[in-house]
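Input: a single structure, listed below in structure tokens.
The first residue of the sequence shown is numbered 1, and numbering continues consecutively from there. As the structure is a computational prediction, the values presented were derived from the model and not from experiment.
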Amino acid sequence: MTTAHLDLRLSDRLSAASPSATGAVSELARRLAAQGRSIISLSEGELDFDTPAHIQHAAIKGIVDGHTRYTGVGGSPALKAAIVRKFARDNGLDYTESEVIAATGAKQILFNAMLATIDPGDEAIIVAPFWVSYSEMVKIAGGEPVVVTPGEGRNFKITPEELAARITPRTRWLILNAPCNPSGALYTRDELRALADVVRRHPRLMVLSDDIYEKIVYEGEFTSFVQAAPDMRERTLTVNGVSKTYAMTGWRLGYAGGPAWLIKGLELLQSQSTSNPSSVSQVAAAAALDGPQEFLDGWRDRLRARRDMALSILQGAAPLLTVARPPAAFYLFANCAGAIGARTPKGDRISTDSDLARYLIEEAGVAVVPGTAFGLAPYLRLAFALSDERLKLACEQIVAACALLTRD
């Protein structure tokens, strides 16, 4: 049989989704660098710090001690106990070991949560700008992402009125990410309580609280959703991980706390897909959660200084770029409406934020991610979690490239 007679295709489920935009930009940056171009990437969401030494040593000791075999699907008893202690210590959340799970990154937990709970036609409310994978996960699970775009003047935070207006009988989830990737938005306790007042009126509605940037807060105070509304405990999945807090992106270890029935469903999915997360990463994660936390103050101070330096330099690109000061996470979310309609030195028109992002990587040698990928245009996301010298150079090159744009 020839290829022309074969019916070979991907499933409808997969065809509804798009590749990760952040991954695509990072891949382009790597490809240009491999060709000899000098590229500074502000596109990747990971710290440039090394994983702390005590965590590294715990992993090495774990290997020597034989922690290299299968564990329970949702994590070893030692790691689950550490997760329970972390939630109690940092968030005042009292989970049992049957109410927590570890997985191959927080991303896997988010994905499995959608698969475990969404039926075709169900809806998930997502606040724009949002992490690029939320909407695609909902689509792959057969659901419909419902995007709510708060005004920039409200620091990209959804109001109770906006939430209430978008809930339908098909709404299954409200996905909250605070501190937010990419905007750095941080909700107060009172703001979360007001949202909980709306959620209570809809028994089918659950809340996914993505707390992955919990420890990277410069101004204000972090509050997890269930901390603000303890009675929402049975309707909330609180997701976290070691990647952002402890510079452990490559270790691929996330965790969550939630109602036992949902955690059981997530374990079922893992049992038929990935099984347990890496046993060595589990040992390292337990050491991270139970170990010293004082070093985080120094990391935050360095990140805050980088944020402020980048902001001061990028002011030179105004009014083409306007950047608010994020209170948390390690991204700047720059409004680039002022650059739309301008022409490059080659005469090309900048019609979208994607055009501007491509221009910056080609002209300035700086990789950024267009806001379109996060559900809000025209913006650019710039990660400032890299060395002071490279960040300074990247921002200066962005300003210089913007100065070359002209109007007809």
Side-chain angles (χ1 to χ4, degrees), residues 13-25 45 107 110-111 113-115 117-187 191-192 194-196 198-199 202 204-213 225 236-237 239 324 326 329 331 333-337 340 352-354 357 369-381:
R13 178 185 299 109
L14 194 58
S15 63
S18 303
S20 167
T22 51
V25 172
K107 193 170 189 176
L110 296 167
F111 184 74
M114 298 300 105
L115 285 181
T117 58
I118 287 181
D119 289 320
D122 281 349
E123 298 170 350
I125 294 175
I126 306 172
V127 183
F130 51 81
W131 178 56
V132 296
S133 292
Y134 290 142
S135 59
E136 306 311 306
M137 290 176 176
V138 172
K139 291 176 187 176
I140 291 172
E144 298 288 338
V146 176
V147 177
V148 179
T149 305
E152 186 175 3
R154 297 196 303 276
N155 300 315
F156 304 108
K157 293 186 284 189
I158 190 172
T159 65
E161 294 75 19
E162 288 169 330
L163 173 59
R166 303 306 292 272
I167 296 173
T168 75
R170 301 297 297 174
T171 307
R172 196 73 175 95
W173 285 99
L174 165 63
I175 300 178
L176 285 178
N177 173 215
C180 174
N181 171 11
S183 71
L186 183 67
Y187 289 82
E191 288 169 337
L192 292 174
L195 294 176
V198 177
V199 174
H202 303 273
R204 191 172 185 268
L205 178 56
M206 296 186 65
V207 176
L208 195 155
S209 182
D210 183 349
D211 297 356
I212 196 74
Y213 293 93
F225 184 78
T236 303
L237 181 67
V239 181
Y331 308 103
F333 200 53
N335 187 322
C336 60
I340 303 303
T352 66
D353 52 10
S354 297
V369 186
T372 301
F374 304 98
L376 189 61
Y379 283 83
L380 300 176
R381 190 195 76 171

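Taking each heavy atom of V138 and P145 in turn, the nearest pair found is CG1-N, 3.7 Å. Counting all heavy atoms, side chain and backbone alike, A128 lies closest to G375 at CB-O, 3.7 Å. Listed here is the closest heavy atom pair of S209 and T236: CB-CG2, 4.2 Å. Here the closest heavy-atom approach between residue L186 and residue P179 is recorded as CD1-CG, 3.8 Å. Contact detail for I158 and L176: the closest heavy-atom pair is CG2-CD2, 4.4 Å. Listed here is the closest heavy atom pair of P370 and A357: CD-CB, 4.0 Å.
Between F333 and Y379, the ring-plane angle classifies as parallel under the 30° and 60° cut-offs.
Between the side chain of R170 and the main chain of P120, a donor-acceptor pair closer than 3.5 Å is present. One N or O on the side chain of D353 and one on the backbone of T372 form a donor-acceptor pair closer than 3.5 Å. For the pair N155 (side chain) and K157 (backbone), a donor-acceptor distance under 3.5 Å is absent. Listed for the R172 side chain is a donor-acceptor partner under 3.5 Å among the backbone atoms of R204.
Taking the six-membered ring for Trp and the full ring otherwise, the centers of Y331 and Y213 sit less than 6.0 Å from each other.
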Please step through side chain to side chain contact (heavy atoms under 4.5 Å, CB included) for the pair V207 and V199, ending with a clear verdict. CA-CA 8 Å; V207 176; V199 174; 4.0 Å; yes
Would you check, one step at a time, whether the test side chain to side chain contact (heavy atoms under 4.5 Å, CB included) holds for V148 with I125? CA-CA 7 Å; V148 179; I125 294 175; 3.8 Å; yes
Please test I175 against W131 for side chain to side chain contact (heavy atoms under 4.5 Å, CB included), starting from the C-alpha separation and ending with a verdict. CA-CA 10 Å; I175 300 178; W131 178 56; over 6 Å; no
Pair L110-M137, side chain to side chain contact (heavy atoms under 4.5 Å, CB included): steps then yes or no: CA-CA 8 Å; L110 296 167; M137 290 176 176; 3.8 Å; yes
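Not counting sequence neighbours, E144 has no partner by the salt bridge (charged side-chain N to carboxylate O under 4.0 Å, His left out) test. Applying the side-chain contact (heavy atoms from CB on, under 4.5 Å) test to A196 and every residue at least two apart in sequence or in another chain returns R200, F225, A229, M232. Applying the side-chain contact (heavy atoms from CB on, under 4.5 Å) rule to A178 yields the partners Y187; only residues at least two apart in sequence or on another chain are considered. A search for salt bridge (charged side-chain N to carboxylate O under 4.0 Å, His left out) contacts involving R166 returns nothing, not counting sequence neighbours. Listed by chain and residue number, nothing satisfies the salt bridge (charged side-chain N to carboxylate O under 4.0 Å, His left out) test with E123 (two or more places apart in sequence, or in another chain). Under the rule for a salt bridge (charged side-chain N to carboxylate O under 4.0 Å, His left out), R13 has no partner lying at least two apart in sequence or in another chain.
In this structure, CH2 on W173 lies 12.5 Å from CD1 on I126, to the nearest 0.5 angstrom. Annotation: the span from L174 atom CG to L208 atom CG amounts to 9.0 Å, rounded to 0.5 Å. Remark: S354 OG to L380 CG distance equals 9.0 Å, nearest 0.5 Å. With rounding to the nearest 0.5 Å, the separation of CD1 in I140 from CE in M114 is 12.0 Å. Taken to the nearest 0.5 Å, the CG atom of N181 stands 9.0 Å off from the CG atom of D210.
Taking 4.5 Å as the limit, some side-chain heavy atom of F156 sits within range of a side-chain heavy atom of L376. Side-chain contact between F374 and V369: present, with at least one pair of heavy atoms (C-beta onward) separated by less than 4.5 Å. Residues D122 and T117 are not in side-chain contact: their nearest non-hydrogen atoms beyond the backbone lie 4.5 Å or more apart. Counting heavy atoms from C-beta outward, T159 and R154 have side chains that approach closer than 4.5 Å.
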